[in-house]
Participant: 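Below you'll find the structure I mean.
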Amino acid sequence: MAFTKLNINTAPDGSVYLLQVTDTHLFADEQTGLLGVNTNDSFTAVIENIQSDNIPFEYILATGDLSQDHTKRSYQRFAERIADLDRPCVWLPGNHDMQENMLTLEQHGVLAAKQLVSEHWQIIMLDTQLEGEPHGVMSQRQLDNLAEALAEYPDKHVLIAMHHQAIPVGSKWLDQHNLKNADEFFAVIADYPNVRGVIFGHVHQNYEFQFDGIAFIATPSTCIQFLPLSANFALDHQQPGWRYLQLTAEGRIATRLRRLSERSFLPDPKSKGY
């Protein structure tokens, strides 16, 4: 089965303007927190800051771990908050998500499309979830669908979104929970130099790296942050964040990382994991 396709608009300057939010870790109970941070409050604060930021975007990519407790109500809560931005939003699952209950998102207007096609770009949303495991695996069906999508539009620039990291980010404890068959993913895209970037979540930190001509970009969580370059689990004092992306007609990816103001949400420094 091929990816569900969505034709998307191009701005007058030929670009596609996107917003990425990731790792919201919401609960059914809006008072419940994660490692000292109320995830509903932090996500709400992110939405309010986006609204006041006055940066244009037309589509939202939600790149996994939208829920922490897997409940239908938590996904409904995500849909209610994201609807305040009044833009189409597409989703993919993370390791903490339950895909059966994620269907609630579609009932509340969050789209299931996994192939977004514009005049100059296609954006491919890949499922790397291996149910019950923190690491990721890209199924053969996903790999086949990826190859089919790339072959369908060989002249368009490509942005790929997934949850897990396909390359190491430099944190030993996080990199053991990576995309385990990344070599198979790279084998599929090897013949397509029009793949310009891969964006992901999962690592709860900013990460930007060029590898083999491809930009690999991770976006901070809308709640807790992990300390970069840490061998063991450690939380960072950096604040919840989100990312803007401009995909230009010429194939360039321009990004702007945004965070809440300092000390808006501080995790419990004694936390040992989650």
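In what follows, every heavy atom counts, from backbone to side chain, and hydrogens, waters and symmetry copies are set aside.
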Participant: Between Asn178 and Gly136 (side chain of the first, backbone of the second, donor and acceptor by atom type, cut-off under 3.5 Å), is there such a pair?
Facilitator: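 Answer holds: no.
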
Participant: So that I can tick it off, tell me whether Arg243 and Glu208 are bridged by a salt bridge, with the cut-off set at under 4.0 angstrom between side-chain N and carboxylate O.
Facilitator: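 Result for this pair is yes, salt bridge flagged.
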
Participant: Taking all heavy atoms of Pro228 and all of Ser171, pick out the closest pair and write down the distance.
Facilitator: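 The pair with the smallest heavy-atom distance is C-OG, 3.8 Å.
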
Participant: Looking at every non-hydrogen atom in both residues, tell me the closest pair between Gln210 and Ala215 and how far apart they are.
Facilitator: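 That would be NE2-CB, 3.4 Å.
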
Participant: Measuring only between side-chain heavy atoms, which start at C-beta, is Lys156 closer than 4.5 Å to Trp121?
Facilitator: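 Side-chain contact under 4.5 Å: no.
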
Participant: Compare every heavy atom of Thr10 with every heavy atom of Ser118, then report the nearest pair and how far apart it is.
Facilitator: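 Minimum heavy-atom separation between Ser118 and Thr10: CB-OG1, 3.7 Å.
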
Participant: Quiz question: by atom type and distance under 3.5 Å, do the side chains of Tyr17 and Gln246 form a donor-acceptor pair?
Facilitator: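 Yes - a donor-acceptor pair under 3.5 Å links their side chains.
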
Participant: Distance alone, cut at 3.5 Å: any donor-acceptor contact between the side chains of Asp175 and Gln165?
Facilitator: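 A donor-acceptor contact under 3.5 Å links the two side chains.
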
Participant: Compute the centroid of each ring, for His157 and then for His120, and state whether the two points are separated by less than 6.0 Å.
Facilitator: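 Aromatic pair excluded; centres sit 6.0 Å or further apart.
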
Participant: Do the side-chain N and O atoms of Gln68 and Ser74 include a donor-acceptor pair separated by under 3.5 angstrom?
Facilitator: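 Note: Gln68 and Ser74 side chains miss the donor-acceptor criterion.
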
Participant: Would you say Asn101's side chain and His70's backbone share a donor-acceptor pair under 3.5 angstrom?
Facilitator: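 Yes; at least one donor-acceptor contact below 3.5 Å.
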
Participant: In terms of relative ring orientation, are Phe186 and Phe211 parallel, tilted or perpendicular, with 30° and 60° separating the classes?
Facilitator: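 Rings of Phe186 and Phe211: perpendicular, as their planes differ by over 60°.
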
Participant: With the side chain counted from C-beta on, respond yes when Val16 and Glu58 share a heavy-atom pair under 4.5 Å apart, and no when they do not.
Facilitator: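 Counting from C-beta outward, Val16 and Glu58 never come under 4.5 Å.
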
Participant: Give every residue pair that meets the side chain to side chain donor-acceptor pair (under 3.5 Å) criterion with at least one member in residues 32-51, sequence neighbours excluded.
Facilitator: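 Those involving residues 32-51 are Asp29-Thr32.
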
Participant: Between Leu19 and Leu61, is any pair of side-chain heavy atoms under 4.5 Å apart?
Facilitator: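 No. Closest side-chain heavy atoms not under 4.5 Å.
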
Participant: Would Asn95 and Asp65 count as a side-chain contact (heavy atoms from CB on, under 4.5 Å) here? Give the steps.
Facilitator: CA-CA 6 Å; Asn95 52 290; Asp65 280 1; 3.5 Å; yes

Participant: Counting only N and O atoms by type, is there a donor-acceptor contact under 3.5 Å from the side chain of Gln115 to the main-chain atoms of Ile124?
Facilitator: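 It does not hold such a pair.
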
Participant: Short question: side chain of Lys180, backbone of Gln176 - any donor-acceptor pair under 3.5 Å?
Facilitator: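 Such a contact is found between Lys180 side chain and Gln176 backbone.
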
Participant: Is Glu131 atom CD crowded by more than 12 heavy atoms from other residues, nucleotides or ligands, each under 6.0 Å away?
Facilitator: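 It does not: Glu131 CD has 12 such atoms or fewer within range.
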
Participant: Does Leu245 share a hydrophobic cluster with Leu85, counting links as ILVMFWY side-chain heavy atoms below 4.5 Å and allowing steps through other members?
Facilitator: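 Not linked; separate clusters.
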
Participant: Go through Glu250 and Arg196 one step at a time and tell me if the salt bridge (charged side-chain N to carboxylate O under 4.0 Å, His left out) criterion holds.
Facilitator: CA-CA 11 Å; Glu250 299 77 23; Arg196 305 299 187 193; over 6 Å; no

Participant: Could you please spell out the steps behind the salt bridge (charged side-chain N to carboxylate O under 4.0 Å, His left out) verdict for Glu80 and Arg73?
Facilitator: CA-CA 10 Å; Glu80 291 170 350; Arg73 177 58 185 138; 3.2 Å; yes

Participant: Would a 4.5 Å heavy-atom cut-off, applied to side chains only, mark Thr22 and Thr222 as touching?
Facilitator: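 In short, these two side chains do not touch, never coming nearer than 4.5 Å.
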
Participant: Assess whether side-chain contact (heavy atoms from CB on, under 4.5 Å) is satisfied between Leu111 and Thr4, documenting all intermediate values.
Facilitator: CA-CA 10 Å; Leu111 306 176; Thr4 304; over 6 Å; no

Participant: For the pair Asp236 (side chain) and Gln225 (backbone), establish whether a donor and an acceptor sit closer than 3.5 Å, ignoring hydrogens and angles.
Facilitator: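 Absent.
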
Participant: May I have the step-by-step check of side chain to side chain donor-acceptor pair (under 3.5 Å) for Asp97 and Tyr75, ending in yes or no?
Facilitator: CA-CA 9 Å; Asp97 288 311; Tyr75 293 116; 2.8 Å; yes

Participant: Hey, any chance Leu143 and Ile214 share a hydrophobic cluster, counting ILVMFWY side chains that come within less than 4.5 Å of each other, even indirectly?
Facilitator: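 Hydrophobic grouping puts Leu143 with Ile214.
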
Participant: Would you check if the side chain of Trp242 reaches a backbone N or O of Ile47 as a donor-acceptor pair within less than 3.5 Å?
Facilitator: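 Here the side-chain-to-backbone pair does not exist.
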
Participant: Regarding Asp69 and Ser67, do their side chains bring together a donor and an acceptor under 3.5 Å, going by distance alone?
Facilitator: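 Checked: Asp69/Ser67 side chains pair up, N/O donor to acceptor below 3.5 Å.
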
Participant: Looking only at side-chain N and O atoms, does Gln238 offer a donor or acceptor that is under 3.5 Å from a partner on Asn206?
Facilitator: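 Looking only at side-chain atoms, Gln238 and Asn206 do not form any donor-acceptor pair under 3.5 Å.
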
Participant: When hydrophobic residues are tied together by side-chain contacts of less than 4.5 Å, even through go-betweens, does Phe185 share a cluster with Leu130?
Facilitator: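 As far as the 4.5 Å side-chain criterion goes, Leu130 and Phe185 are not connected within one cluster.
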
Participant: Is there side-chain contact between Asp144 and Gln140, with heavy atoms separated by less than 4.5 Å?
Facilitator: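 Yes. Closest side-chain heavy atoms under 4.5 Å.
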
Participant: Without hydrogens or angle criteria, can the side chains of Thr219 and Gln20 be said to hold a donor-acceptor pair below 3.5 Å?
Facilitator: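 Checked: Thr219/Gln20 side chains pair up, N/O donor to acceptor below 3.5 Å.
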
Participant: Give the intermediate values and the outcome of side-chain contact (heavy atoms from CB on, under 4.5 Å) for residues Leu126 and Leu92.
Facilitator: CA-CA 7 Å; Leu126 291 176; Leu92 53 78; 5.7 Å; no

Participant: Under the side chain to side chain contact (heavy atoms under 4.5 Å, CB included) test against Leu146, which residue among Val158, Val195, Ile160 passes?
Facilitator: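 It is Ile160; the other options fail the test.
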
Participant: Taking the six-membered ring for Trp and the single ring otherwise, decide whether the centroids of His135 and His177 are under 6.0 Å apart.
Facilitator: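 Distance test on ring centres: not under 6.0 Å, no.
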
Participant: Tell me whether the rings of Phe226 and Trp173 are parallel (<30°), tilted (30 to 60°) or perpendicular (>60°).
Facilitator: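 The arrangement is perpendicular - the two ring planes meet at more than 60°.
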
Participant: Does the side chain of Asp84 come within less than 4.5 Å of Arg81's, by heavy atoms?
Facilitator: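 Counting from C-beta outward, Arg81 and Asp84 do come under 4.5 Å.
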
Participant: Taking the six-membered ring for Trp, are Phe78 and Trp91 closer than 6.0 Å centroid to centroid?
Facilitator: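 No, ring centres 6.0 Å or more apart.
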
Participant: Decide yes or no on side-chain contact (heavy atoms from CB on, under 4.5 Å) for Val198 and Met162, but give the supporting numbers first.
Facilitator: CA-CA 8 Å; Val198 177; Met162 62 179 73; 4.0 Å; yes

Participant: Could you tell me if the side chain of Asp23 sits less than 4.5 Å from the side chain of Val203, heavy atoms only?
Facilitator: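 No, their side chains stay 4.5 Å or more apart.
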
Participant: Following the transitive rule for hydrophobic clusters with a side-chain heavy-atom cut-off under 4.5 Å over Ile, Leu, Val, Met, Phe, Trp and Tyr, establish whether Ile60 and Ile217 coincide in one cluster.
Facilitator: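 Each belongs to a different hydrophobic cluster.
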
Participant: Mind checking whether Phe200 and Phe216 have ring centres under 6.0 Å apart?
Facilitator: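 No, the ring centres sit 6.0 Å or more apart.
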
Participant: Decide whether Leu116 and Leu159 are clustered together by the hydrophobic rule: side chain heavy atoms of Ile, Leu, Val, Met, Phe, Trp, Tyr closer than 4.5 Å, transitively.
Facilitator: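 Yes, one cluster joins them.
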
Participant: Start with the C-alpha gap between Gln239 and Glu262, add the side-chain angles, then the distance that decides, and say whether side chain to side chain donor-acceptor pair (under 3.5 Å) holds.
Facilitator: CA-CA 6 Å; Gln239 290 301 291; Glu262 282 297 318; 5.0 Å; no

Participant: Is any side-chain heavy atom of Arg87 less than 4.5 Å from a side-chain heavy atom of Phe57?
Facilitator: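 Yes, side chains in contact.
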
Participant: Looking at Lys72, I want to see if its NZ is surrounded by more than 12 non-hydrogen atoms of other residues, nucleotides or ligands under 6.0 Å.
Facilitator: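 Incorrect, the count does not exceed 12.
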
Participant: Is the distance between the ring centroids of His204 and His25 under 6.0 Å?
Facilitator: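 Close enough - the centres of the two rings lie under 6.0 Å apart.
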
Participant: Quick one: does NZ or CZ of Arg258 land under 6.0 Å from the six-membered ring centre of Tyr244, within 45 degrees of the ring axis?
Facilitator: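 Checked: cation-pi criterion not met.
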
